[in-house]
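These notes concern the structure reproduced below.
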Amino acid sequence: MACNNYLLLKVFLILLGTALTICFLQLGTVDFMKTVIEFGYSRTSHHIIFVKPKLGPILSTNRSSCFSDGTFARPKIPEKLLKDIMKRRAEEYRQYQLRMGDNMDKLLIAPANSPLQYPITGFVVSPMEKSLIPGLALQTQKRAVYKVSLSVNKGVLSVKDLLDGDQVEGQGQSNLTISSSNITHLNDLLSRVTYTSTIYHIRTSDLIHFTFEDHEVMFPIMIRRLTVPVLYDPGKDVNSQVTIVTKTFLRYDELNVLIKSIRMFYPEIKIIIADDSLKPENITGNNIEHYIMPPAQGWFAGRNLAISQVTTKYFLWVDDDFVFLKGTRIESFVEIMEAFPELDILGGAVSGNQFYFKFEYEEGDDEEGGCLTRIKNSFHQPLPNTDDCILVDGVVNFFLGRTDSVRRVGFDPYLKRVAHSEFFMDGLGQLLIASCKGLSIGHQKHRTRGKYAYFRQQKKVDGRNKVHHHYFKNYLKYIKF
């Protein structure tokens, strides 16, 4: 009898579990898991790592990385204060979108068999300067009267060299109508239609609506201020092409070993050192610039200072405890970068370790923010026409950087102790990066450094504050490094 009761209870529990599963599916699995994750986080530490539930294909969603293992970036503070932070964050994100976007929300699809001819990919104009709209024409069967209309939002339209008798309404306005009983004459007028933006902006867009009877097409106008080229004279050798850059803190023995090794192979190349040691020491030598910072300002602040002083096309970043080897050929870096001028950063290997990674990033919704995952030893594809180079999102701390490109991204001085991937995170979508085998440097033996180790070690509060920093600055909800 007891066994029968046990079997009945077991069957009941199985049926109950099945019913709950169906219920969760009906309510929406993703929303349910989101609730579970946030509920769990609110009762745990700031560094909780969420394990992706093994629910199979029911979680196949284009927001998958938001539910992968990662650190919840939102700070755990009183709700009243958090609401104010989220409000400021949302406003900053809105302004960021306005600065970076082209304000082109619509996907433009070419209509089938349209009688209207137009520049489907759009065209570029300078702000507040009159420009001809290329390619406008009408191709249709005979009509008694042909009539087309054009309209814009951020500018005015005109027909150049308008003659008496030309049937044009709205000359110099945002809505223009052109009529003619002769299609050849109409197309001649269309070939002389101009656009002039009426607001000054260096990077924005407008949308032209072009209509004939029941047909309507839209195409974009990109409004761009012309930029002035910034070029670096490469000179005749590597000394005028590359500056070696490093940051040091309480490691003068290692720094002197590095400098000595550089001079064995490159006796004339410039070396720039940013130094935030507690008690700075003198660094002497030919063509060395030694910049003293306030004490313990940190890793990225020193990088910013050092790179701000570079006057060459490229800089080679090295840590102060590296050592040049016979195979450390800066010329090999330069040859690859010159062959691929689209590249911004080219990484090598340190003591045989060719560290590299790529990011997976999803923007997420406007309220919560995005999700970022770093995937080690993963790359996008091989660099074309090379045998040993791959395209990635981040490389080891031994790389050749294009000076102007890296300056545009910069290094966040908020990050003082442990920071590397964060620079590449800020450069995502702005820097084209590759990693190559055969470009190598050595690493000195680690020495015991009590005071250095104290400053080098990232404390728990630093790690938590860094995650919260990315929550606001990078508009992230989850981070996984």
Side-chain angles (χ1 to χ4, degrees), residues 232 238-239 241-249 251 254-255 257-259 261-262 265-266 269-276 283 287-291 293 297-325 327-334 336-337 343-351 353-357 389 392-413 415-427 430-436 438-444:
Y232 292 83
V238 70
N239 296 317
Q241 292 174 317
V242 180
T243 302
I244 297 176
V245 179
T246 192
K247 154 78 173 59
T248 194
F249 177 72
R251 296 205 294 195
E254 289 87 345
L255 178 62
V257 171
L258 169 66
I259 294 173
S261 71
I262 293 172
F265 304 103
Y266 298 96
I269 199 167
K270 180 184 284 188
I271 303 171
I272 293 179
I273 303 162
D275 185 354
D276 64 344
I283 300 296
N287 209 13
I288 294 177
E289 296 180 3
H290 183 204
Y291 294 93
M293 304 168 60
Q297 286 300 294
W299 177 235
F300 272 8
R303 275 191 167 186
N304 275 333
L305 172 58
I307 294 172
S308 74
Q309 301 305 306
V310 173
T311 59
T312 52
K313 183 176 182 178
Y314 304 111
F315 68 88
L316 182 74
W317 180 265
V318 294
D319 285 354
D320 59 356
D321 59 349
F322 288 174
V323 59
F324 273 53
L325 307 172
T328 307
R329 295 192 69 255
I330 303 175
E331 291 86 349
S332 297
F333 277 97
V334 175
I336 297 171
M337 290 285 275
L343 282 178
D344 299 299
I345 288 177
L346 181 63
V350 179
S351 295
N353 178 22
Q354 189 189 357
F355 175 77
Y356 56 86
F357 57 87
C389 299
V392 297
D393 289 326
V395 294
V396 73
N397 256 354
F398 172 54
F399 61 85
L400 191 75
R402 196 174 297 275
T403 303
D404 55 353
S405 300
V406 173
R407 278 182 184 156
R408 280 196 294 269
V409 175
F411 299 88
D412 185 353
L415 304 172
K416 294 181 178 293
R417 302 291 172 258
V418 179
H420 179 69
S421 300
E422 292 79 2
F423 159 69
F424 296 104
M425 181 197 312
D426 290 348
Q430 302 182 64
L431 300 174
L432 186 63
I433 303 168
S435 178
C436 294
L439 306 176
S440 61
I441 198 169
H443 199 292
Q444 300 174 39

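Contacts of T243 classified as side-chain hydrogen bond (donor to acceptor under 3.5 Å, both in side chains), with partners at least two apart in sequence or in another chain: T312. Applying the side-chain hydrogen bond (donor to acceptor under 3.5 Å, both in side chains) test to K313 and every residue at least two apart in sequence or in another chain returns E338. Judged as a side-chain contact (heavy atoms from CB on, under 4.5 Å), and not counting sequence neighbours, the contacts of L325 are V323, T328. Listed by chain and residue number, R303, D319, H420 satisfy the side-chain hydrogen bond (donor to acceptor under 3.5 Å, both in side chains) test with N397 (two or more places apart in sequence, or in another chain). Considering only residues two or more places apart in sequence or on other chains, Q241 meets the side-chain hydrogen bond (donor to acceptor under 3.5 Å, both in side chains) condition with none of them. By the salt bridge (Lys or Arg N to Asp or Glu O under 4.0 Å) test, E289 pairs with K270, sequence neighbours left out.
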* Step-by-step side-chain contact (heavy atoms from CB on, under 4.5 Å) determination, V242 to V334 -> CA-CA 8 Å; V242 180; V334 175; 3.6 Å; yes
* When you look at I272 and V310, which way does the side-chain contact (heavy atoms from CB on, under 4.5 Å) test go after all the steps? -> CA-CA 8 Å; I272 293 179; V310 173; 4.1 Å; yes
* Derivation and outcome, salt bridge (charged side-chain N to carboxylate O under 4.0 Å, His left out), residues D321 and R251 -> CA-CA 8 Å; D321 59 349; R251 296 205 294 195; 3.3 Å; yes
* Asked: When you look at F324 and F265, which way does the ring-ring contact (aromatic ring centres under 6.0 Å, His included) test go after all the steps?
  -> CA-CA 8 Å; F324 273 53; F265 304 103; 7.0 Å; no
* Yes or no on side-chain contact (heavy atoms from CB on, under 4.5 Å) for D275 and H290, after CA distance, side-chain angles and deciding distance? -> CA-CA 7 Å; D275 185 354; H290 183 204; 2.9 Å; yes
* Quick one: do V406 and I307 satisfy side-chain contact (heavy atoms from CB on, under 4.5 Å)? Show the steps, please. => CA-CA 9 Å; V406 173; I307 294 172; 4.3 Å; yes
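Looking at every heavy atom in both residues, A306 comes nearest to V245 through CB-CG1, 3.2 Å. Residue I336 comes nearest to C436 through the heavy atom pair CD1-SG, 3.9 Å, listed as atom of the first residue, atom of the second, then distance. Counting all heavy atoms, side chain and backbone alike, A274 lies closest to G302 at CB-O, 3.3 Å.
In this structure, the separation between CD1 on I259 and CD1 on I273 is 4.0 Å, given to the nearest 0.5 Å. In this structure, the separation between CD1 on I271 and OH on Y266 is 12.0 Å, given to the nearest 0.5 Å. Rounded to the nearest 0.5 angstrom, D393 CG and S421 OG are separated by 10.5 Å. Here I244 contributes atom CD1 and I269 contributes atom CD1; the two are 4.0 Å apart, rounded to the nearest 0.5 Å. We find the CG-CG distance between D412 and D426 to be 6.5 Å, quoted to the nearest 0.5 Å. Taking CG of L400 as the start and OG of S332 as the end, the distance is 11.0 Å to the nearest 0.5 Å.
Counting heavy atoms from C-beta on, the side chains of F249 and K247 come closer than 4.5 Å. You'll find the side chain of V395 stays beyond 4.5 Å of the side chain of L346, heavy atoms only. The side-chain heavy atoms of I433 and D344, taken from C-beta on, include no pair separated by under 4.5 Å. Taking 4.5 Å as the limit, every side-chain heavy atom of F424 sits out of range of all side-chain heavy atoms of V392. For the pair V396/Q354, no side-chain contact is recorded, criterion being any heavy-atom separation below 4.5 Å from C-beta on. Put simply, the side chain of F423 reaches to within 4.5 Å of the side chain of L431, judged on heavy atoms.
Here the side chain of S435 pairs no donor or acceptor atom with the backbone of Y356 at under 3.5 angstrom. In terms of modelled atom types and a separation under 3.5 Å, the side chain of Q444 and the main chain of E254 share a donor-acceptor contact. Proximity of a side-chain donor or acceptor of S440 to a complementary backbone N or O of A349 within less than 3.5 Å is not detected. A donor-acceptor pair under 3.5 Å is absent between the side-chain atoms of W299 and the main chain of K416, judged by distance alone.
Inspection of the R402 and S405 side chains reveals no N or O donor paired with an N or O acceptor under 3.5 Å.
Partner of F333 under the ring-ring contact (aromatic ring centres under 6.0 Å, His included) criterion, chosen from Y314, F315, F398: F398.
Checked against the 6.0 Å centroid criterion, the rings of F355 and F357 qualify as a close aromatic pair.
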